[in-house]
Amino acid sequence: MTTKYNIVSIIRKKRDGKTLDNEEIQYLINQYTADEIPDYQVSAFLMASYLNGLNDEESAALTESMLNSGQIVDLSHISGKKVDKHSTGGVGDKLSLILAPIVAAAGVPVPMISGRGLGHTGGTLDKLESIPGFKVDMDLARYKEIIENHDLVLAGQTAEIAPADKRLYALRDVTATVESIPLIAGSIMSKKLAEGIDALVLDVKAGSGAFMKTTDDAIELGEALVGIGTQFEKETIAYVTNMNQPLGYKIGNWLEVEECIDAMHGEGPDDIMEITYLLSGTMIYLGDKAESVKAGIEKSKEMIESGAAFQKWLDIVEEQGGDVEMIKSPQKYPEAEYEFEIKAEKDGFVSEMNSYEIGMASVELGAGRKKKEDDVDPQAGIALTKKIGDKILKGETILTGYTNKASAIEAASDKLFGAVTISKTKPEEVEMVSHTIDKEGSRAFEL
Ligand code: URA
């Protein structure tokens, strides 16, 4: 086949900081997906894009090409606006498991395709699979059947969804090109736009446990994500939220499911519930079941208080093959073989909890993967006793670690010990949500 495009010229153009046409980006993605361009040339393109950036048009063209590399799910036969949420990833971030049943119980269909743990961050699929029997792998026919029956489905990325992103992501992982705002934005949005949604809420994390360490970078990523959503005519609202300490008190797959069960019984930790209600309230608002985000938050609280969210959770666990008895009686879940405590060496206030280090310690204990092919241990993880701002006395427990690998305890303990700082004075309270981003731009958060 003759073509006016030449992959070397496309790489050179990006290397020299010039702007690529939509057709050039489309050509590159199509040919790569068809195995007509080798990994080494796409790696060069990725590095050139990482170093020189992609403008809004290039980013939209990349997203569209990755989106069109697979199927776009048609859920138009299901009445009502379909709304999903995506988080850019954090430590102890279990919000999807709580908010998806809340929103579905409020009558807004939630087609949710999630990912696995990445680096120090946990993944919704690994948490769901810690429920004995729960299945996240399915084809599109089953995906559609579940959402039709329950207004909710919790699935992994099927082979039909954005296959180009799957290949590009694996290549980025091994070519040091993950941390690029336009590449992250294109990757996330190509998958979300393929799910069959009408609107999207984004939780963009900022802080030590997030991919974006500063609020400014998180705002830039949020603006890129919202920009793409808007170009594709999906109403998209993002919030920048604090990830300078783990969310809630539990980190690790089953431990986090347990905390979600507490939350659905109305006993969730304050930080978890504040962000969960904001995100679920926004989803309910975007799904036209509340007149404002505030009214959506009130409706979310009603879904918890009435037990409707918990009933929706039981229904979906049963539908997707999970052991409902374990959800009703979580104390029956077997515990990890080993547990150890980290104690305070002096009196004071907890002033820092480095979530990156805590996330890495949980990986060490078995809750995440060091290599792609590793299995995760559903019982491994960490339970915090204290959080930033809490008073602590010498000898008191700061946190407890759980693992089935005795050999991991020493390295994890060192990491955990170094992750917590105790100071003489009480640190200032930090806001959980700093900014809202929508099609009008970004502004300080106000409800
Ligand atoms: N999550 C994704 O899906 N893609 C990225 O590039 C980063 C996080």
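Whatever order the structure lists ligands and atoms in, that order sets their numbers, starting from 1. Worth saying up front: this structure is predicted, and the values here are computed from it rather than measured.
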Per-ligand residue contacts, ligand 1, heavy-atom threshold under 4.0 Å: Tyr169, Arg172, Ile184, Ser187, Ile188, Lys191
Ion pair check, Arg369 and Asp375, cut-off under 4.0 Å: no
Lys387 NZ/CZ over Tyr249 ring centroid, <6.0 Å and within 45° of normal: yes
Test side chain to side chain contact (heavy atoms under 4.5 Å, CB included) applied to Val108 and Lys299, Lys289, Lys81, Lys82, the passing residue: Lys289
Side chain to side chain contact (heavy atoms under 4.5 Å, CB included), paired with Phe211, selected from Thr88, Thr121, Leu221: Thr121
With sequence neighbours excluded, residues passing side chain to side chain contact (heavy atoms under 4.5 Å, CB included) with Thr214: Asp216, Asp217
is_close_aromatic(His120, Tyr356), centroid dist under 6.0 Å: yes
